[in-house]
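Down below is the structure, laid out as structure tokens.
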Amino acid sequence: MASHSWLILTAFLVLSCVQSDAQLSPSFYDQTCPAANKIIQKVVEDAVSEDRRMAASLIRLHFHDCFVQGCDASVLLDGTAAFQNEDLALQNKNFRGKNFIAEAKAQLENACPGVFSCADILAVAARDASKAVGGPTWEVKLGRRDSTVANLTQASNDLPKFFMGLDQLIALFNRKGLTARDMVALIGAHTIGQAPCITFRPRVYDNSSDIDAEFAASKRDMCPFTPPEGDLNLAPFDPITPTTFDNNFYKNLLIKKGLIASDQVLFSGGSTDSIVKEYSEDASKFYSDFAVAIVKLGDMLPLTGSEGIIRKVCNVVN
């Protein structure tokens, strides 16, 4: 009897997840906010035109949102007496781009008040940011609602860390319903953007065999050995084409020029070597796999229907 009850409960939970995902649709706002996509696209294009590095920041916001509580815009919330803000997590240091999400939200509230969620703005902005710097595009499913709480503990525990090994990363992504291939494709977003010295200092000073000596020396020049000096000095993940979404990130890994340890482990004699090599040789395959993976990312535990709220301002609960 207990076993039978457990099977019924499991089936109910699975069905609930499927139904929740099924409520997401690219046409969700076609009647209630038809200008939304154009509004967000214009804000993103202007932001990237002003600073091409912003494309990486906007993609990062969506990723870091979805990995904590699902895609619910919790990453945007300011802390309150009831909860701490997620950008206090080590992995969320130096967040950028929230001001552009706020700008898009303000324009959407003017066009269609109380309709378009902050979580969906993050999802659309990530797609438009990729496209703005030459990367892939994809159809964004919509209909997410916004959380009323943030979760700093989960952000600290669930977001990838720069020192993680391959097995740790694979296990972390698997827990989120993502495969090793999804993981390698999503980490490929490091083809754009920069990282602070504090994240790559251990790698460039440890004299290990998995880093190109000349590359390490060039990074030591701007990242002093003794912290906190230089902690926030930035270096591009991809020094070849740092503001263009392409497959040079993977080519760099083949020659031991991954900036942070958790990037280089993707090509270090392990199970993902073949995927890295494939993407280094075939940019179109990387693009298509990235699009598939980020859509799966966007399907993570969305709040739909009567769950959550539609925030009027993205950084505070109504």
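All of these numbers come straight from a predicted model, not from anything done at the bench.
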(Q) If hydrophobic clusters are built from ILVMFWY residues whose side chains come within less than 4.5 Å, do Leu61 and Phe162 share one? (A) no
Q | Pairwise distance CZ(Phe249) to CD1(Ile240) - rounded to 0.5 angstrom | A | 12.0 Å
Q) Would Tyr279 and Asp289 count as a side chain to side chain donor-acceptor pair (under 3.5 Å) if you check the C-alpha gap in whole Å, the side-chain angles of each, and the deciding distance to 0.1 Å? A) CA-CA 9 Å; Tyr279 291 164; Asp289 281 2; 2.6 Å; yes
Q.
Which residues pass the salt bridge (charged side-chain N to carboxylate O under 4.0 Å, His left out) test with Arg53, not counting sequence neighbours?
A. none
Q: Cation-pi check, Lys176 to Phe67: give yes when NZ or CZ is under 6.0 Å from the six-membered ring centre and within 45° of the ring axis, no otherwise.
A: yes
Q: Using only heavy-atom distances, determine whether the side chains of Glu86 and Ser74 contain a donor-acceptor pair under 3.5 Å.
A: yes
**Q.** Single-linkage hydrophobic cluster, 4.5 Å side-chain cutoff, Val140 and Val44 together
**A.** yes
**Q.** For the student: nearest non-hydrogen atoms of Ala125 and Ile101, plus distance
**A.** CB-CD1, 4.0 Å
Q) Does Ser288 use its side chain to pair, donor to acceptor, with the backbone of Lys285 at less than 3.5 Å? A) yes
Q: Indicate yes or no for a side-chain donor-acceptor contact from Asn247 to the backbone of Ser280 under 3.5 Å, with no hydrogens or angles considered.
A: yes
Q) Which residues pass the side-chain hydrogen bond (donor to acceptor under 3.5 Å, both in side chains) test with Ser306, sequence neighbours left out? A) none
Q. Between Arg144 and Leu142, does a side-chain contact (heavy atoms from CB on, under 4.5 Å) hold up when you go through it step by step?
A. CA-CA 6 Å; Arg144 302 168 191 81; Leu142 301 167; 4.2 Å; yes
Q | Heavy-atom pair of closest approach, residues Cys71 and Ala119 | A | O-CB, 3.5 Å
Q: Quick one: list whatever passes side-chain hydrogen bond (donor to acceptor under 3.5 Å, both in side chains) with Asp282, sequence neighbours left out.
A: Ser284
Q: Indicate, with yes or no, if Val317 and Leu108 share a hydrophobic cluster defined by side-chain heavy-atom contacts under 4.5 Å among Ile, Leu, Val, Met, Phe, Trp and Tyr.
A: no
**Q.** Test item: Ser117 side-chain N/O and Asp120 main-chain N/O as donor-acceptor pair under 3.5 Å
**A.** yes
Q: Give the minimum heavy-atom separation between Leu166 and Ser271, together with the two atoms involved.
A: CD2-N, 3.8 Å
Q.
Do Met300 and Leu77 sit in one hydrophobic cluster, given that two such residues count as connected whenever their side-chain heavy atoms are within less than 4.5 Å of each other, even indirectly?
A. no
Q) With clusters built from Ile, Leu, Val, Met, Phe, Trp and Tyr whose side-chain heavy atoms come within less than 4.5 Å, directly or transitively, what are the remaining members of the cluster of Val316, listed by chain and number? A) Val313
Q) Mind checking what makes ring pair (Phe, Tyr, Trp, His ring centres under 6.0 Å) contact with Phe237, not counting sequence neighbours? A) His190
Q: Sequence neighbours left out, what pairs pass salt bridge (Lys or Arg N to Asp or Glu O under 4.0 Å) with at least one residue falling in residues 106-116?
A: Lys105-Glu109
**Q.** Shortest non-hydrogen contact between Leu172 and Leu159, atoms and distance
**A.** CD2-C, 4.0 Å
Q: Scan side-chain atoms only and decide if Asn37 and Arg127 contain a donor-acceptor pair under the 3.5 Å cut-off.
A: yes
Q.
Going by the rule ring pair (Phe, Tyr, Trp, His ring centres under 6.0 Å), which residues pair with Phe116 if we only count those two or more places apart in sequence or in a different chain?
A. Tyr29
**Q.** Shared hydrophobic cluster, Leu122 / Val115 (ILVMFWY, side-chain heavy atoms < 4.5 Å)
**A.** yes
Q. Can you name the ring pair (Phe, Tyr, Trp, His ring centres under 6.0 Å) partners of Phe267, sequence neighbours left out?
A. none
Q: For the residue pair Asn85 and Asp78, confirm or rule out a side-chain donor-acceptor distance under 3.5 Å.
A: no
Q: Any pair with a residue in residues 201-234 that passes ring pair (Phe, Tyr, Trp, His ring centres under 6.0 Å), sequence neighbours left out, goes on the list, sorted by first then second residue, please.
A: Tyr205-Phe225
**Q.** Side-chain ion pair, Asp87 and Lys93, N-O less than 4.0 Å
**A.** no
**Q.** CA sep, side-chain torsions, deciding dist, call: Asp182, Phe173, side-chain contact (heavy atoms from CB on, under 4.5 Å)
**A.** CA-CA 8 Å; Asp182 295 329; Phe173 277 75; 5.7 Å; no
Q: With rounding to the nearest 0.5 Å, note down the distance linking CZ in Phe290 to OG in Ser130.
A: 5.5 Å
Q: Check step by step if side-chain contact (heavy atoms from CB on, under 4.5 Å) holds for Arg96 and Leu58.
A: CA-CA 8 Å; Arg96 303 168 72 244; Leu58 293 171; over 6 Å; no
Q: Evaluate side-chain contact (heavy atoms from CB on, under 4.5 Å) for Tyr250 paired with Leu254, printing each intermediate quantity in order.
A: CA-CA 7 Å; Tyr250 301 105; Leu254 296 185; 5.9 Å; no
Q. Tell me, do Phe95 and Arg60 make a side-chain contact under 4.5 Å, heavy atoms counted?
A. yes
Q.
Do Leu169 and Pro160 make a side-chain contact, defined as non-hydrogen atoms from C-beta onward lying under 4.5 Å apart?
A. yes
Q: Could you tell me whether Lys296 atom NZ has more than 12 heavy atoms of other residues or ligands within 6.0 Å of it?
A: yes
Q) Going by heavy atoms in the side chains, are Leu178 and Met183 under 4.5 Å from each other? A) no
Q.
Among residues at least two apart in sequence or on other chains, which ones pass side-chain hydrogen bond (donor to acceptor under 3.5 Å, both in side chains) with Asn252?
A. Asp238
Q: Tell me, please, which residues at least two apart from Phe83 pass ring pair (Phe, Tyr, Trp, His ring centres under 6.0 Å).
A: none
(Q) Determine whether the aromatic ring centres of residues Phe200 and Phe163 are separated by less than 6.0 angstrom. (A) no
**Q.** Carboxylate-amine/guanidinium proximity below 4.0 Å for Lys38 and Glu45
**A.** no
Q. For the atom pair CD1 (Ile294) and CG (Asp299), what is the distance rounded to the nearest 0.5 Å?
A. 11.5 Å
Q) For Gln69 and Asp72, does a side-chain donor sit closer than 3.5 Å to a side-chain acceptor? A) yes
**Q.** Pairing of Asp273 and Lys277 as salt bridge, 4.0 angstrom limit
**A.** no
(Q) Counting only heavy atoms not in Gln84 (residues, nucleotides, ligands), do more than 12 fall under 6.0 Å from its CD? (A) no
Q.
Testing the basics here: between Leu259 and Ala235, what is the closest heavy-atom pair and its distance to 0.1 Å?
A. CD2-O, 3.5 Å
Q) Lys312 side chain to Pro113 main-chain N or O, any donor-acceptor pair under 3.5 Å? A) no
**Q.** Sequence neighbours excluded, every pair satisfying side chain to side chain donor-acceptor pair (under 3.5 Å) that has a member inside residues 211-233
**A.** Arg201-Asp231
Q) Would you say the side chain of Ile187 lies within less than 4.5 Å of the side chain of Leu266, judging by non-hydrogen atoms? A) yes
Q) Going through the checks in order, is the salt bridge (charged side-chain N to carboxylate O under 4.0 Å, His left out) test met by Arg203 and Asp210? A) CA-CA 9 Å; Arg203 174 163 163 73; Asp210 73 341; 3.2 Å; yes
Q: State, to 0.1 Å, how close Ala293 and Leu186 come at their nearest heavy-atom pair, and which atoms those are.
A: CB-CG, 3.7 Å
Q.
Do Val75 and Val68 have side chains that approach each other closer than 4.5 Å (heavy atoms only, starting at C-beta)?
A. no
Q: Working to the nearest 0.5 Å, report the span between CG of Asn94 and CD1 of Ile198.
A: 9.0 Å
